[in-house]
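Data first, discussion second: the structure below is written as structure tokens.
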Amino acid sequence: MKVTAVAGGTGSAKLLRGLQSLPVDLTVIANVGDNIWIHRLYVCPDVDIAMYTLAGIANPKTGWGIKGDTFSTLSQISRIGGETWFKLGDRDLATSALRTGMLRRGMTLTAVTDRLRKSFGVKCELLPATDQNLETRIDTPLGDMHLQEFWVREKGEPEVTGVHYRGASRASITAEVRRALSGADRVVICPANPITSIGPMLAISGFAKELAGSDARVVALSPMVGEAPFSGPAGKLMKAAGRKADSVGIASMYQKFVDCIVVASEDQAMKKRIEALGIECVTSETMMKSREDERRLARELLKV
Ligand code: FO1
């Protein structure tokens, strides 16, 4: 079975690990809207979260970065007056340094990512959603700022008045992404922030159209339980985008391309409202607290 997983950050990574443990031909498409230049290095958080998780070296405490990484370079940067709000570990910096060098030599982000994931021993294909620049910008009363500035530097505190995806209208999906979406038997939309993780990909020219037109059955796992996301600022951002911050809101955002959505058992009461949108709805225990949960949910998403 050819499975294409559409993934954001830490919430998605657990499901990716579950999917990887099953006997399927897996391809992962990762969000690039939160990519950021730090100390002149190109950091791709969601690509790296997927890569480190699938390689079995992700930091289990945070979900991002590398297990056992050290922070000597960051300490030195701080000592000599640089900014250190974005905690890049030494080994993590090595990934971004190598990536930046390859990009500077003219390789595409797709080719660079393929080279890196192979070096880390990741067996499945890992594709950035686009090779072009795309940046999730959060609108606040102080002006707009990069998603990482909002979430990490400002701790998600500023009032949010809107979200936009800089560069999305000029960006297009790659041939590899097109093939992964159209040639799959099943597309899994991983649990992820619909505004900052899945939204940027949907804004790329061709992405949503390819999903809607795909012969694959498209299934999603909701990242919400009630009005609370598994992790991150999903609730606040969904409200700012005028959506209900729950699984009904998620379903309404995915309505054009999703066939079936799996929601938390606690949200059984939302099933009818989701089905009224023309989407099949299945309830399950959606919190992934163990490897067995990850595997069970991955299996369920291939069956529903
Ligand atoms: N998240 C944080 O909350 N604080 C950090 O200092 C931080 C550093 C960081 C470095 C590399 C990386 O790949 C991810 C990092 N993240 C950090 C995670 C990241 O901000 C978000 O979780 C993702 O962008 C969301 O998908």
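Heavy atoms only: backbone and side chains are in, while hydrogens, waters and symmetry mates are out. Atoms within each ligand, like the ligands themselves, are counted from 1 in listed order. The structure presented is a predicted model; accordingly, all values stated were derived computationally and were not measured.
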So, do Ile198 and Met253 sit near enough that their side-chain heavy atoms are less than 4.5 Å apart?
no
Only one of Arg273, Lys271, Lys272 passes side chain to side chain donor-acceptor pair (under 3.5 Å) with Glu275, and that residue is Lys271
Flag the pair Tyr254 / Ile279 as yes when at least one side-chain heavy-atom distance between them is below 4.5 Å, and no otherwise.
no
Those protein residues which place at least one heavy atom below 4.0 Å from ligand 1
Gly9, Asp34, Pro45, Asp46, Trp64, Trp85, Phe86, Lys87, Leu88, Asp92, Gln148, Val152
Find out whether Val262 and Val219 are in side-chain contact, i.e. whether some heavy atom of one side chain is under 4.5 Å from a heavy atom of the other.
no
Crowding at CZ, Arg299 (>12 non-hydrogen neighbours, <6.0 Å):
yes
Filter on side chain to side chain donor-acceptor pair (under 3.5 Å), then keep only pairs touching residues 194-208, sequence neighbours left out; what's left?
Asn193-Thr196
